[in-house]
Amino acid sequence: MSKTDITIKDDNERPATKVKLRLDAMSDVGKKKKQPDDITVSDDDPTILHEDNHILVAVKPQNVPSQADATGDPDFLSQLKYYLVKKYNKPGNAYLGLLHRLDRPTGGVMVFAKTSKAAGRLSEQIRDGEFEKTYAAVVSGRPNRTGSVEHYLVKDEKTNTVTLAPASLEGAKLAKSNINILEEKNGLSLVSVQLLTGRTHQARVQLKALASPIVGDRRYGGDKYVPAPHLALWAYKLAFTHPVTGEALKFISLPPNDEFPWSEFDTDALVDLVRPIEKRRY
């Protein structure tokens with residue numbers, strides 16, 4: 001599989017930022033196999049972008065739960081634990097801390113903690129808003145607002161559905177995102193969504209609220225639903241500080257460009273979006 005490593009140094013002369021760019025980040029869930037602890041996982045090795053003694057950065061395939069749920073389907077956390085057990089010939093189970101989640105239909109970059117110290121420090125970054133999560137999406141039409149977007153959302157636990165709500169409604173939570181349009185074509189738009197909060201179905205509901213639901217989104221597409229093989233939402237970038245070394249890290253995995261609607265666009269624009277402008281020299 002092709003992989004390009006890019007090193008970026010920012011204008012503040014901090015340690016170089018390592019960008020792991022994987023252009024073929026899709027992986028399929030293979031045959032099920034029972035493990036000694038009775039967890040069902042995939043036989044396929046996961047796509048690993050980075051691994052050291054403290055963290056593991058990997059690409060979750062679409063339509064795979066982030067962790068075990070009531071369906072009993074193969075889940076990503078169990079797959080990664082099994083990967084560690086095989087790689088290091090560990091007896092029993094392997095410790096791996098789940099720090100954040102991606103919805104089942106969403107694929108993309110996730111980071112996991114290999115030690116409790118790393119888990120605590122990364123969780124603190126998430127709480128303090130220092131953990132940057134950016135998604136790519138293809139939407140129907142064009143969002144009627146861009147830049148900083150705020151809504152209040154409320155979740156119906158029975159139906160697992162999220163709707164807009166007035167700020168005064170009990171249980172309503174503020175959702176904040178930065179949304180940019182990168183390209184428009186044939187009635188669709190390629191957008192980037194940086195989540196500043198972590199609400200359930202946040203990107204999906206906010207884009208629907210902007211009159212541009214995500215392609216392939218049966219739940220929130222409404223009368224603008226556009227069919228697609230998968231939900232066109234991909235967590236393509238994570239940026240955070242290494243919990244032990246303090247190094248600023250960025251990891252990028254582009255969405256699969258061999259299927260509709262990603263194939264309609266130049267997804268390399270997502271990479272260009274995060275490259276810093278070089279200092280002008282006089």
Side-chain angles (χ1 to χ4, degrees), residues 29 60-77 98-110 126-127 129 131 133-181 187-236 255 259-262:
V29 177
K60 184 184 89 66
Q62 291 182 286
N63 298 323
V64 174
S66 292
Q67 64 180 139
D69 61 18
T71 67
D73 292 339
D75 69 278
F76 197 46
L77 180 62
L98 181 71
L99 306 167
H100 62 116
R101 296 172 179 83
L102 294 179
D103 290 343
R104 182 177 183 132
T106 306
V109 187
M110 297 182 69
I126 293 173
R127 288 193 299 270
F131 187 89
K133 297 179 289 185
T134 310
Y135 291 66
V138 178
V139 300
S140 174
R142 173 190 174 92
N144 56 30
R145 286 172 54 201
T146 57
S148 179
V149 176
E150 296 185 3
H151 298 93
Y152 279 87
L153 308 179
V154 64
K155 180 180 179 182
D156 185 329
E157 296 290 347
K158 292 182 179 179
T159 63
N160 192 32
T161 301
V162 178
T163 56
L164 299 186
S168 58
L169 182 68
E170 183 178 357
K173 296 181 178 180
L174 178 63
K176 300 172 65 175
S177 301
N178 287 325
I179 297 176
N180 291 294
I181 300 172
L188 305 175
S189 300
L190 174 66
V191 301
S192 69
V193 183
Q194 181 186 1
L195 298 186
L196 304 181
T197 54
R199 309 307 178 200
T200 301
H201 298 174
Q202 178 172 325
R204 299 166 68 180
V205 177
Q206 287 198 290
L207 286 165
K208 176 189 178 181
L210 300 178
S212 54
I214 297 174
V215 171
D217 195 344
R218 294 180 180 275
R219 185 184 298 263
Y220 297 108
D223 58 5
K224 291 189 175 182
Y225 170 71
V226 176
H230 298 94
L231 178 71
L233 182 64
W234 187 267
Y236 82 92
E259 69 174 29
F260 178 84
W262 304 109

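Note: hydrogens, waters and symmetry copies are ignored here, and every other heavy atom, side chains too, is used. These figures come from a predicted structure and were not determined experimentally.
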Walk me through it: do Ile214 and Tyr135 pass the test side chain to side chain contact (heavy atoms under 4.5 Å, CB included)? CA-CA 12 Å; Ile214 297 174; Tyr135 291 66; over 6 Å; no

First locate atom [atom1] of [X], then atom [atom2] of [Y], and finally report the distance between them rounded to the nearest 0.5 Å.
| X | Y | atom1 | atom2 | value |
| --- | --- | --- | --- | --- |
| Arg204 | Asp217 | CZ | CG | 4.0 Å |
| Ser66 | Asp75 | OG | CG | 8.5 Å |
| Asn178 | Leu196 | CG | CG | 4.5 Å |
| Lys208 | Tyr225 | NZ | OH | 14.5 Å |

Applying side chain to side chain donor-acceptor pair (under 3.5 Å), can you list everything that pairs with Thr197, at least two apart in sequence or on another chain?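 Side chain to side chain donor-acceptor pair (under 3.5 Å) check on Thr197 returns Gln202.
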
Throw together a table of side-chain donor-acceptor distances under 3.5 angstrom for residues 143-152, partners on residues two or more places apart or in other chains.
residue: Asn144; atom: ND2; partner: Leu210; partner atom: O; Å: 3.4
residue: His151; atom: ND1; partner: Gln206; partner atom: NE2; Å: 2.9

Might you point out which heavy atoms bring [X] and [Y] nearest each other, and give the distance in Å?
| X | Y | value |
| --- | --- | --- |
| Ala235 | Thr106 | N-CG2, 4.3 Å |
| His100 | Val109 | CE1-O, 3.9 Å |
| Ala136 | Pro255 | CB-CG, 4.5 Å |
| Ser189 | Ile181 | CB-CG2, 4.4 Å |
| Val215 | Pro227 | CG1-O, 4.3 Å |
| Val64 | Pro74 | CG1-O, 3.5 Å |

Suppose we screen for salt bridge (Lys or Arg N to Asp or Glu O under 4.0 Å). Which residues come up paired with Asp69, at least two apart in sequence or across chains?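 Result, salt bridge (Lys or Arg N to Asp or Glu O under 4.0 Å) vs Asp69: Arg104.
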
How would you list, by chain and number, every residue that makes a salt bridge (Lys or Arg N to Asp or Glu O under 4.0 Å) with Arg142, sequence neighbours excluded?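 Result, salt bridge (Lys or Arg N to Asp or Glu O under 4.0 Å) vs Arg142: Glu184.
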
State whether the side chain of [X] and the backbone N or O of [Y] hold a donor-acceptor pair below 3.5 Å, judged by distance alone.
| X | Y | answer |
| --- | --- | --- |
| Gln62 | Pro105 | yes |
| Arg199 | Leu174 | yes |
| Lys224 | Ala211 | yes |

Please evaluate residues Leu98 and Phe76 with respect to the criterion side chain to side chain contact (heavy atoms under 4.5 Å, CB included), reporting the C-alpha separation (whole Å), side-chain torsions for both, the decisive distance (0.1 Å), and the verdict. CA-CA 10 Å; Leu98 181 71; Phe76 197 46; over 6 Å; no

Please lay out, stage by stage, how Leu190 and Trp262 fare under the test side chain to side chain contact (heavy atoms under 4.5 Å, CB included). CA-CA 8 Å; Leu190 174 66; Trp262 304 109; 3.9 Å; yes

Only pairs at least two apart or in different chains count here, so list each ring pair (Phe, Tyr, Trp, His ring centres under 6.0 Å) that has a residue in residues 193-221.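 Checked against ring pair (Phe, Tyr, Trp, His ring centres under 6.0 Å) - neighbours excluded - the pairs reaching residues 193-221 are His201-Tyr220.
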
Give the table of side-chain donor-acceptor pairs shorter than 3.5 Å for residues 157-173, with sequence neighbours excluded, one pair per line with atom names and distance.
residue: Thr159; atom: OG1; partner: Thr161; partner atom: OG1; Å: 3.3
residue: Asn160; atom: OD1; partner: Lys155; partner atom: NZ; Å: 3.4
residue: Thr161; atom: OG1; partner: Thr159; partner atom: O; Å: 3.2
residue: Thr161; atom: OG1; partner: Arg219; partner atom: NH1; Å: 3.4

Start with the C-alpha distance between Ile179 and Leu207, add both sets of side-chain angles, then the distance that settles side chain to side chain contact (heavy atoms under 4.5 Å, CB included), and finish with yes or no. CA-CA 9 Å; Ile179 297 176; Leu207 286 165; 4.1 Å; yes

